[in-house]
Amino acid sequence: MGKRNSVVILSSDDEDDESSLSSNRSYPKPKLLITRTTSREPKKPRFSGSRSRLSKESSNADEITFPCEDFDEFFYGSKVSAVSGRNSIKELWVDKYMPRSLDELTVHKKKVEEVKAWFEERLRDSKENLKNNVIVISGQAGVGKSTTIHVIASHFGATLCEWNAPTPTIWQEHMHNASTGVHYSSKLDEFVNFIEKIRKYGLIPSSFSAESKSPIVLLIDDLPVTHGRVAFERLQNCLLLLARSTQIPTAVLITDYGKADSADHTARYMEELQLSLESAGACKVAFNPITNNSIKKALSRICKQEQCNVTSELIDLIAKASGGDIRHAITSLQLFCVKPDLGLSLPVCNSTRSYSDGNSHEINALISGFSLLFGRDETLSLFHALGKFLHNKRENEATMVSDPDAFFVRDKFARLPMRMDAPEKVLCQAHGQARPIADFLHENVLDFISDEAMEAVWDVASYLSDSDLLLSSFHGVLTRYNEAESVLQSAAASVAVRGVLFGNSHPSPSRWHTIRRPKLWQVEQLLLRNQKETVSQRFIANGGSSFSNLSDVAAEYLPVLKWLGHGGSSGFEADHVHAYKDAWDDSIEKMSLDDEGGQISDDEIEDW
Amino acid sequence: MLWVDKYRPKTLDQVMVHEDIAQNLKKLVTEQDCPHLLFYGPSGSGKKTLIMALLRQIFGSSAEKVKVENRTWKIDAGSRTIDLELTTLSSTNHIELSPSDVGFQDRYVVQEIIKDMAKTRPIDIKGKKGYKVLVLNEVDKLSREAQYSLRRTMEKYSASCRLILCCNSSSKVTEAIRSRCLNVRINAPSEEQIVKVLEFIGKKEGLQLPPGFAVRIAEKSNRSLRRAILSFETCRVQQYPFTSNQAIPPMDWEEYVSEIASDIMREQSPKKLFQVRGKLYELLINCIPSEIVLKRLLYELLKKLDEELKHEVSHWAAYYEHRMRLGQKAIFHLEAFVAKFMSIYKAFLIATFG
């Protein structure tokens, strides 16, 4: 362990040496691994030699690269000795096999062509006649957005300038800076300043003045994180200005997170940002997840070059599990190819000697065990999960295995087995928070219950009421990160979901339903507004001499005042609804974003 | 000005409904030492009227010169400062506010304002140190933390200020606070008392009251004097001279609730329930408290219901009223009640008529 420490310290002391740093940084895992194996197997002569040299040279700052290289060499050397005939891995495959030319890109040809054409236009023509110089590329993580830009830029021989996000300031550092008088500027400020500069003066390529002939492309990959509306609006405005007035071709990359997750503010903001940039004249290209076939092709190409024989089924599996994320797929592949060694070295650590014989059968078993390691967790969108719950698909007949352990319930309470995973698992996959889930279920469940089944409706309603009770137990107390709170949350979600599933014993015949957004949310907003208004009115109502309760004002004074004012009752709906119509429209407009997510058809849910 | 305000008794001597309590209060104040007071009773029984009259008794007419202030309180809560905006009503000698307006941060308000008041303690002409009065409304809606901090500040500053607390139900005020106050229970006025007040107002306004008319209003008012006077005034606008069988216009939201009730009776199905939900939302949006909606709904349903179901329905209404208070979103519970009612009623209909 002591050895590993010394290496880390050396490399971090030597910050300007790019190569040793990167080679060390990119391999946190193997490094750990090697220290472990070596410390357990001190008989290897190579190791003891290197250690002695290391300790000798650690005093010599000039030759610091050497021990690191030596270290790498040693590391992979030892690996070669363990697995014969394997090329030594020097790089992450993701970097190593990064596409260098347009042909190698796995992104759909058409999309690449689109982006390429856009850049061609910008780079070839003189800059004056084109108005918009911003392209927005969106897509989920790992679909090759940045790679595409890199490749295209190099294709045109353009210099690519990137906005390097500054490292975040941690609290201790901030405290230290504050005491030494260094001013703190937020990352957003820095970004805005940067954009302003670009917009006004363009990029001044001071560092590469020699090649200043080559055109410049600006890439903004890393938008600062914004918290809250105000910060977001600042970011938006600054980007809008950029989109309107920049002279340099600029690519803004936006990573889509699960769109339908309406609870997530960042996703909503990002979508809004895209729209506003588009309206400012930016060209928008959306990258789709990479198809399985493309991923498979890329993976098998890598396999061929690495000369590791991975079965095509396995590649298929990896491709499927990656969910269109090529970076993930390649990393999985690499991990998998390393794995036989892992499998060998682990048992050595456990000092069980049986594996060293190369018992192929057991190794295979290990590999299959490891194959669980790769693959992203399957995620469901909120709406898919809701669809599952609401449709309440069950087996047609009880495939009851006469299980002696199962306890019997009365017919009244017995339900057919569900045709889906356990509700809690589905909830987990959908990242469902209890409150929105309960609200959504409450809004939509009535559509799914057959017209005759009033009893079922009550069951469902009472379970929802239970879950509301659970959710409110900690209301107002700031225990957001408390364990108890999270247990309570999941319990409430579980009660709501299972209540809906259990209660809906007579589902209405399956047909097309849209899942609506809870109207309750609008109602709450309006309520808040009206409450404020009523608060201001309560002095008028009482002759200005005293307060009166809000409820009294709303329930007694206001109706009477209205009555007196209008001279006659014109009915509750007519009067009130009109007053709230505008407010209603407002909020609907604001929410239109989510509504597109809300329109999910039945077959989509079926498909899943 | 509404009659409710116009004929509100200004002094303790003018009070018509709770004369005995008024006289006791007067005696209490004239003896120069006023303890903390807690007024509780149903709405429309005259709590605020008594409090206003009491303030006038203590401070004279200066208590009536009030100004409405929308003040922002900067509160230093350890690592951060909190800005709280709160409307207060104040004269030179008293401040009135509803701390529950600011939600769960109410505890800061209570402490901060009382501290602030204690700083500017008035000195009366004789050089004796006087005290200020703080009127807190809706104490039963205060959070538990606020009530605890209220208890502390009550003791700490008892020399310089007196608290008058006002609430509907004393059961939600902690024991500690109740024991530090003189509890004044204000009953809902009886129907005879309401009739008396209505006749008094009628005489002052120079109206001819047909026999039995005031009684009918009183019956309809659910023993709330405010309600009675308000509907009296609407009747006056609606039709004068009065006729003894004149319809007393209900509140618009009450009409709406009875509409909901008849909807529920007419059809019991998930679809209907969905429509009912929409109507309930409409009521809630207009700040009608959910408890009142539920109570009224039950009242309307019971009117139309067969005897044998009444017991069960009332039971469920009570059950869901309790949950509503514990829970967060009233609509979940209101709707569960409606669903339960529909389910009971449908079963009943099938059993009776097949």
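Throughout, protein chains are lettered first and strands after them, A, B, ... in sequence-line order, and every chain is numbered starting at 1.
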Participant: Determine the option with the most heavy-atom pairs under 4.5 angstrom with chain A, choosing from B/Glu291, B/Lys67, B/Met342.
Facilitator: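 The residue among B/Glu291, B/Lys67, B/Met342 with the greatest pair count is B/Met342.
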Participant: Hey, what do you get for CG (B/Leu284) to CG (A/Leu520), rounding to the nearest 0.5 Å?
Facilitator: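 Here the rounded value is 9.0 Å.
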Participant: If every non-hydrogen atom of A/Leu469 is compared with every non-hydrogen atom of B/His333, which pair is closest and at what distance?
Facilitator: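 Shortest heavy-atom contact: CD1-CE1, 4.3 Å.
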Participant: Are any of the side-chain heavy atoms of B/Phe337 and A/Trp458 separated by less than 4.5 Å?
Facilitator: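 No, side chains not in contact.
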Participant: Tell me, side chain or backbone of A/Glu452 under 4.5 Å from chain B's heavy atoms, or both, or neither?
Facilitator: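 For A/Glu452, backbone and side chain are both near chain B.
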Participant: Shorter than 4.5 Å, heavy atoms on both sides: which option in B/Ser224, B/Ser269, B/Ser231 has the most such pairs with chain A?
Facilitator: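 Greatest number of close heavy-atom pairs with chain A: B/Ser269.
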Participant: Closest approach of A/Glu455 and B/Ser343, non-hydrogen atoms and distance?
Facilitator: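 For A/Glu455 and B/Ser343, the tightest heavy-atom pair comes out as OE1-OG, 3.0 Å.
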Participant: Under 4.5 Å from any heavy atom of chain A, what part of B/Tyr320 do you find: side chain, backbone, both or neither?
Facilitator: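 B/Tyr320 touches chain A through side-chain heavy atoms alone.
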Participant: Which pair of non-hydrogen atoms, one from A/His442 and one from B/Arg277, has the smallest distance, and what is that distance?
Facilitator: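 Looking at all heavy atoms of both residues, the shortest contact is O-NH2, 2.5 Å.
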Participant: Report which part of B/Lys340 has an atom under 4.5 Å of a heavy atom belonging to chain A: side chain, backbone, both, or neither.
Facilitator: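 When you check distances to chain A, atoms from both the backbone and side chain of B/Lys340 fall under 4.5 Å.
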Participant: Around atom OH of B/Tyr148, are there more than 12 heavy atoms from other residues, nucleotides or ligands closer than 6.0 Å?
Facilitator: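 It does not: B/Tyr148 OH has 12 such atoms or fewer within range.
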Participant: Counting heavy atoms not belonging to B/His322, are there more than 12 under 6.0 Å from its NE2?
Facilitator: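 Incorrect, the count does not exceed 12.
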Participant: Mind checking the CG-CD spacing from A/Leu526 to B/Glu282? Nearest 0.5 Å is all I need.
Facilitator: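 Separation between the atoms: 9.0 Å.
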Participant: Considering non-hydrogen atoms only, spot the tightest contact between A/Ala461 and B/Ala336 and give its length.
Facilitator: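 Result for this residue pair: CB-CA, 3.6 Å.
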Participant: Is it true that, when you exclude B/Tyr299 itself, more than 12 heavy atoms of the residues, nucleotides or ligands shown sit nearer than 6.0 Å to its OH?
Facilitator: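 No, because the 6.0 Å sphere around OH of B/Tyr299 holds 12 heavy atoms or fewer from other groups.
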Participant: Kindly compute the distance separating CZ (B/Phe274) from CG (A/Asn444), expressed to the nearest 0.5 Å.
Facilitator: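 The distance works out to 8.0 Å.
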Participant: Please indicate whether B/Lys10 has more than 12 foreign heavy atoms, meaning atoms of other residues, nucleotides or ligands, lying under 6.0 Å from its NZ.
Facilitator: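 Enclosed: over 12 neighbouring heavy atoms sit under 6.0 Å from NZ of B/Lys10.
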Participant: Hey, does the side chain of A/Asn530 reach the backbone of B/Asn286 with a donor-acceptor pair shorter than 3.5 angstrom?
Facilitator: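 Such a contact is absent between A/Asn530 side chain and B/Asn286 backbone.
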Participant: Keeping the roles fixed (side chain from A/Asp468, backbone from B/Lys329), state whether a donor-acceptor pair exists under 3.5 Å.
Facilitator: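 Flag set: sc A/Asp468 to bb B/Lys329 pair under 3.5 Å.
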Participant: Atom OG in A/Ser462, atom CZ in B/Arg323: separation rounded to 0.5 Å?
Facilitator: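 Result: 7.5 Å between the selected atoms.
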Participant: Just to verify, which of A/Leu446, A/Val457, A/Val460, A/Leu464 counts as forming a side-chain contact (heavy atoms from CB on, under 4.5 Å) with B/Glu335?
Facilitator: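 So, applying the side-chain contact (heavy atoms from CB on, under 4.5 Å) to B/Glu335 and each of A/Leu446, A/Val457, A/Val460, A/Leu464, only A/Leu446 qualifies.
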Participant: Between atom CD of A/Gln522 and atom OH of B/Tyr281, what is the distance when rounded to the nearest 0.5 Å?
Facilitator: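 The CD atom of A/Gln522 sits 9.5 Å away from the OH atom of B/Tyr281.
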Participant: With rounding to the nearest 0.5 Å, note down the distance linking CD in A/Glu443 to CD1 in B/Ile331.
Facilitator: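 A/Glu443 CD to B/Ile331 CD1: 10.0 Å, rounded to 0.5 Å.
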Participant: Checking heavy atoms, do the side chain of A/Asp439, its backbone, both or neither come under 4.5 Å from chain B?
Facilitator: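 Answer is both: backbone and side chain atoms of A/Asp439 are under 4.5 Å from chain B.
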Participant: Where does A/Leu528 contact chain B at under 4.5 Å (heavy atoms): side chain, backbone, both or neither?
Facilitator: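 For A/Leu528, neither part sits under 4.5 Å from chain B.
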Participant: Need one label for B/Arg236: side chain, backbone, both or neither, based on atoms under 4.5 Å from any heavy atom in chain A.
Facilitator: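 Neither part, no heavy atoms under 4.5 Å.
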